[in-house]
There are 2 protein chains.
Amino acid sequence: MLTYFSIKLGTIMADRKTVRGAPIKTPIGEQDGIDFSIIELFFFAYRDFTSDPDEILADYGFGRAHHRVLHFVNRRPGLTVAELLDVLKITKQSLARVLKQLIDTDHIVQLPGPRDRRQRELYPTEKGRALALALARPQSRRIRTALGDSGLGNRASIELFLKAMVNPELRAQIDILPANPTQKLSGNDHGEH
Amino acid sequence: MLTYFSIKLGTIMADRKTVRGAPIKTPIGEQDGIDFSIIELFFFAYRDFTSDPDEILADYGFGRAHHRVLHFVNRRPGLTVAELLDVLKITKQSLARVLKQLIDTDHIVQLPGPRDRRQRELYPTEKGRALALALARPQSRRIRTALGDSGLGNRASIELFLKAMVNPELRAQIDILPANPTQKLSGNDHGEH
DNA sequence: AAAAATATGTCAGCATTATTGACGTATTTT
DNA sequence: AAAATACGTCAATAATGCTGACATATTTTT
């Protein structure tokens, strides 16, 4: 058995690494019923979309994770740490690192929850608000240009499409966020869920 | 000077960390002329979009980087290492690690370039083709559903929008890719820039 | 009132994916 | 023959995620 195996390796297969499949030379394509164009456009689009703020963030020694935290704290001032974790879908240990830096640099402040003093409500400072705006500006400009390029009436379609790309369970969170043109926010009580 | 500083810290400011900006309690919103809705929808959509293949990849001990390499090698069989680097916009050291794993696991094979034997043309094996399809399937399904949800005629608009979101310099590369439904490869001269 | 649960914070270690810098080897171009 | 190019590899570092363990304050349950 061992002999057979080594003969096979030594003579027929040479070594494990020479047992290779043949190269396939035809491109994969939509003929397989799969929308590769949109798939890779999504990759390229998102990469460039995030590159705008990345450059600004680098000046502050921040990364993409800081951006996300800053963004949602600005969108929902007063959200608690637990709520933020639920939106970002990361662990508290991952959040802690970036949140601490944002607090230490006075972009975000914490207030004890009024009903439950264990909670920490997160608010942007003026500095944090300004940075959030500065980060969003080039992204918004890119979107505006892209909408212009692809026809002005598309914004609603794009928004519907993107929302439909999100897992259904998570769409509820999106609707919590304020000033969505498609819906008004009567009272911002993030008291349950 | 030192005394003044410590008095200031000790009595007025207590320590550096207590000099905090006031919490801003109003949500940032579209009133600033910035399209926060689309910005965060893009984040949520992309996160869920990539989560589908991530689960499959985990079974192979692969990550997102492997997916990207496998995708583009399947889309453009025979591309060289340099071309792949140019598409992915990463360093060769970053590519090396994942490419090596894909070659060792017989998902990708290398052939010396026919004209220039220093080059390595990359091809998928049948195994690599199958995995690329398996990874793309749930993503394509998600897109199809989202397009259905947001109206059937939107596909062209979505494609235009996403393409317009990509940096202009990079759109040439996108047009190289095969079987784009909106354009035939015949009149596709990406020869300028 | 004591015990349990919850919200948050923190320490330590690890994985993935990216980076920069340096250097080696084969091949092609000058 | 020398220089440039394409690719591979080693080493160190950074950002962002993860798990596990444990501490502290506060609230809820018993």
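Side chains are part of it too, since the values below use all heavy atoms of this structure and drop only hydrogens, waters and symmetry mates. By convention in this document, chain letters (A, B, ...) are assigned in the order of the sequence lines, proteins followed by strands, and residues within each chain are numbered from 1.
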### Message
Under 4.0 Å from OP1 or OP2 of D/dG17: is there any side-chain N or O of A/R68 that close?
### Response
yes
### Summary
Nearest-nucleotide check on DNA chain C, B/R97 vs A/D116; residue mapping nearer the 5' end is A/D116
### Message
salt bridge (charged side-chain N to carboxylate O under 4.0 Å, His left out), that's the test. Do B/R155 and A/D35 meet it? Break it down for me.
### Response
CA-CA 10 Å; B/R155 196 192 168 287; A/D35 203 334; 2.7 Å; yes
### Minimum-distance nucleotide (side-chain atoms of A/K92 versus C/dT19, C/dT17, D/dA21)
D/dA21
### Residue B/A82, side-chain heavy atoms: nucleotide from D/dT16, C/dT8, D/dC7 that is nearest
D/dC7
### Query
C/dA18 phosphate, OP1 or OP2: any side-chain N/O from B/T91 under 4.0 angstrom?
no
### Task
Return the orientation label for the A/F62 and A/H107 ring planes: parallel under 30°, perpendicular over 60°, tilted otherwise.
perpendicular
### Task
Look only at the side chain of A/R68 and the backbone of B/F43, and say whether a donor-acceptor pair between them is shorter than 3.5 Å.
no
### Task
Let me know the distance between CG of A/D86 and P of C/dT6, rounded to the nearest Å.
16 Å
### Query
Separation of A/L57 atom CG from C/dA18 atom P, in whole Å?
18 Å
### Between C1' of C/dA18 and NE2 of B/H66, the distance in whole Å
13 Å
### Query
Rounded to the nearest Å, what distance is computed from the CG atom of residue A/D54 to the C1' atom of nucleotide C/dA18?
12 Å
### Nucleotide C/dT8, atom C1' - distance to CG of A/L88 in whole Å
16 Å
### Task
Find the distance A/L102:CG to D/dA15:P and express it as a whole number of Å.
14 Å
### Query
With nearest nucleotides of DNA chain D determined for A/F62 and A/R120 from heavy-atom distances, which residue corresponds to the more 5′ nucleotide?
A/F62
### Message
With a 6.0 Å cut-off (strictly less than), is the heavy-atom count around CD of B/E126, excluding the residue itself, greater than 12?
### Response
no
### Query
B/Q93 side chain: which of D/dA11, C/dT17, D/dC7 is closest?
D/dA11
### Query
D/dC18 C1' sits how many Å from A/L95 CG, rounded?
14 Å
#### Entry: Atom pair distance, as rounded to whole Å: OH in B/Y60 and P in C/dT16
17 Å
### Task
Give a yes/no answer on whether the side chain of A/S94 brings an N or O atom under 4.0 Å of OP1 or OP2 in D/dT16.
no
### Message
Tell me whether the count of non-hydrogen atoms from other residues, nucleotides or ligands lying under 6.0 Å of CD in B/E55 goes above 12.
### Response
no
### Task
Would you mind telling me which of C/dT8, D/dG17, D/dA6 lies closest to the side-chain atoms of B/R118?
D/dA6
### Query
Of all the choices, C/dA18, C/dT8, D/dT27, which nucleotide is nearest to the side chain of A/R117 once you look at every atom?
D/dT27
### Listed nucleotide nearest any side-chain atom of B/V98, set C/dT17, C/dT8, C/dC11
C/dT17
### Message
Given 3.5 Å as the limit, does a donor-acceptor pair link the side chain of B/R137 with the main chain of A/I34, or not?
### Response
no
### Query
Ignoring hydrogens and geometry, is there a side-chain-to-backbone donor-acceptor pair from B/N74 to A/I28 under 3.5 Å?
no
### Query
Is B/Q110 touching bases, backbone alone, or none of the nucleic acid, heavy atoms closer than 4.0 Å?
sugar-phosphate
### Task
Estimate the overall bend of the helix from C/dA1-D/dT30 to C/dT30-D/dA1 from the end axes over five pairs each, rounded to 10 degrees.
10°
### Query
Using the ring of each side chain (for Trp, its six-membered ring), is B/F49 parallel, tilted or perpendicular to A/F42, with breaks at 30° and 60°?
perpendicular
